[in-house]
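One structure below.
When a residue number appears, it is its place in the shown sequence, counting from 1. Order of appearance sets the numbers: ligands from 1, and atoms from 1 within every ligand. Note that this is a predicted model, so its numbers are computed, not measured.
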Amino acid sequence: MTPEKEIKSMFENVAKLYDFFNDLFSFMLVRLWRRSVTKHFLNQSRSVLDLGIGTGYLSSNVNQDRGVFPVGLDLTRSMVLKNIKKLQRFSDPVIGTATNMPFRDGAFDTIVSSFTLRSFKKVGIDEVFDECARVLNEKGNLVMLDTAKPTNGLALSFFYVYFKIVNFVGGLYNNPAYRWLTNSIINLDPEFVRKKMFEHFNNVKVYKLTGEIAYIWHSRISKF
Ligand SMILES: C[S@@+](CC[C@H](N)C(=O)[O-])C[C@H]1O[C@@H](n2cnc3c(N)ncnc32)[C@H](O)[C@@H]1O
């Protein structure tokens with residue numbers, strides 16, 4: 001199976017309870033983190049792409065906080081269809097892949113993306129950033145939010161214990177998916193993402209959220 005098919009099949013299998021477990025395992029912090037994206041990084045954004053829109057929470061925040069109707073792209077039909085009636089009230093979802101986006105060059109002034117980098121790393125992060133650079137216009141505002149490996153030893157020890165609980169509880173629902181989830185967090189080095197992003201974009205800044213549990217990587221200008 002190709003990495004893309006693997007990711008797709010995994011999200012197809014967890015789509016039903018994805019939001020429930022996401023809120024539960026993060027103590028609702030995911031909601032706060034998505035809000036940081038829309039509150040602090042979307043000034044003057046008029047055309048927004050939500051890359052890996054999933055069930056649509058980030059797009060709904062973009063719509064509420066900025067009055068913009070984002071376009072959403074996602075690989076997994078079941079994720080998008082889960083709340084489709086609600087989702088279509090605040091965004092325009094499209095099925096497709098981030099490595100080959102079905103949009104014209106310069107179509108958007110902002111791309112936002114939450115909890116997708118771990119999947120993008122698996123399918124080819126360079127291809128995804130190339131495509132981001134292509135579909136962004138000269139305003140080139142790219143905002144990526146994800147959980148990643150903490151660099152602080154204490155936070156890391158806490159993560160290892162906490163992941164055992166997540167693997168146990170999530171494993172009752174879908175063992176391979178929650179194992180993949182926890183491994184993917186430990187395998188995502190925030191510095192790796194910063195360097196990769198800097199190969200494609202200028203002026204990359206990294207922000208730590210809630211200690212070092214989550215990060216926002218932000219860039220304003222594409223290099224191309
Ligand atoms: C962890 S979910 C995050 C969903 C949503 N952004 C959120 O904040 O809850 C990751 C999403 O990225 C999508 N995804 C993964 N790889 C992708 C790719 N190559 N192209 C488009 N979407 C992708 C998955 O289908 C899934 O819906």
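- Taking distance alone, with nitrogen or oxygen atoms compared against 3.5 Å, T55 stays at or beyond that limit from ligand 1.
- Looking at Y18 against ligand 1, only its side chain comes within 4.0 Å, counting heavy atoms.
- What you find for L117 and M144 is that their closest heavy atoms are CD2-CE, 3.5 Å.
- At least one N or O atom of L75, backbone or side chain, sits closer than 3.5 Å to an N or O atom of ligand 1.
- F129 and F201 have perpendicular rings, their planes meeting at more than 60° on a 0 to 90° scale where under 30° would count as parallel.
- Panel note: side chain S113, backbone L51; a donor-acceptor pair is recorded below 3.5 Å.
- With hydrogens and angles ignored, the 3.5 Å screen pairs a side-chain donor or acceptor of S219 with a backbone N or O of N202.
- Near M79, with a cut-off below 4.0 Å to any heavy atom, the atoms of ligand 1 are 27 (O).
- In summary, the side chains of N141 and H218 do present a donor paired with an acceptor at a separation below 3.5 Å, with no hydrogens or angles considered.
- Using a 4.0 Å cut-off between heavy atoms, A98 contacts ligand 1 through both its backbone and its side chain.
- Taking every heavy atom of T97 and a limit of under 4.0 angstrom, the matching atoms of ligand 1 come to 18 (C), 19 (N), 20 (N).
- In R34, the part holding a heavy atom less than 4.0 Å from any atom of ligand 1 is the side chain.
- When each atom of ligand 1 is checked for a heavy atom of G54 under 4.0 Å away, the hits are 4 (C), 27 (O).
- A donor and an acceptor atom, one from each side chain of S59 and D50, are located under 3.5 Å apart.
- Both I186 and V193 are assigned to one and the same hydrophobic cluster, defined by single-linkage of ILVMFWY side chains at heavy-atom distances under 4.5 Å.
- By the criterion of a heavy-atom distance under 4.0 Å, the side chain of I7, and not its backbone, is placed next to ligand 1.
- Residue F115 touches ligand 1 through backbone and side chain together, judged by heavy-atom distances below 4.0 Å.
- Nearest protein heavy-atom neighbour of atom 12 (O) of ligand 1: T116 CG2, 3.5 Å.
- Placement of V37 and I53 in two distinct hydrophobic clusters is found when ILVMFWY residues are connected by side-chain heavy-atom separations under 4.5 Å, directly or transitively.
- Considering backbone and side-chain atoms together, F11 places no N or O closer than 3.5 Å to any N or O of ligand 1.
- The pair D146-R118 meets the salt-bridge criterion, since a charged nitrogen lies less than 4.0 angstrom from a carboxylate oxygen.
- Aromatic pair Y57/F115: centroids not less than 6.0 angstrom apart.
- No hydrogens or angles considered: nothing links the side chains of W33 and S114 as a donor-acceptor pair under 3.5 Å.
- For ligand 1, the polar-atom distance check against S114 finds a nitrogen or oxygen pair separated by under 3.5 Å.
- Heavy-atom contacts of T76 reach the following atoms of ligand 1: 24 (C), 25 (O) (cutoff under 4.0 Å).
- Taking atom 26 (C) of ligand 1 as the reference point, the nearest protein heavy-atom neighbour is D74 OD2, 3.6 Å.
- Taking every heavy atom of S119 and a limit of under 4.0 angstrom, the matching atoms of ligand 1 come to 15 (C), 16 (N).
- For a threshold of 3.5 Å applied to N or O pairs, the pair formed by T99 and ligand 1 contains no separation below that value.
- Below 4.0 Å from some heavy atom of G96 lie the following atoms of ligand 1, by number and element: 20 (N), 21 (C).
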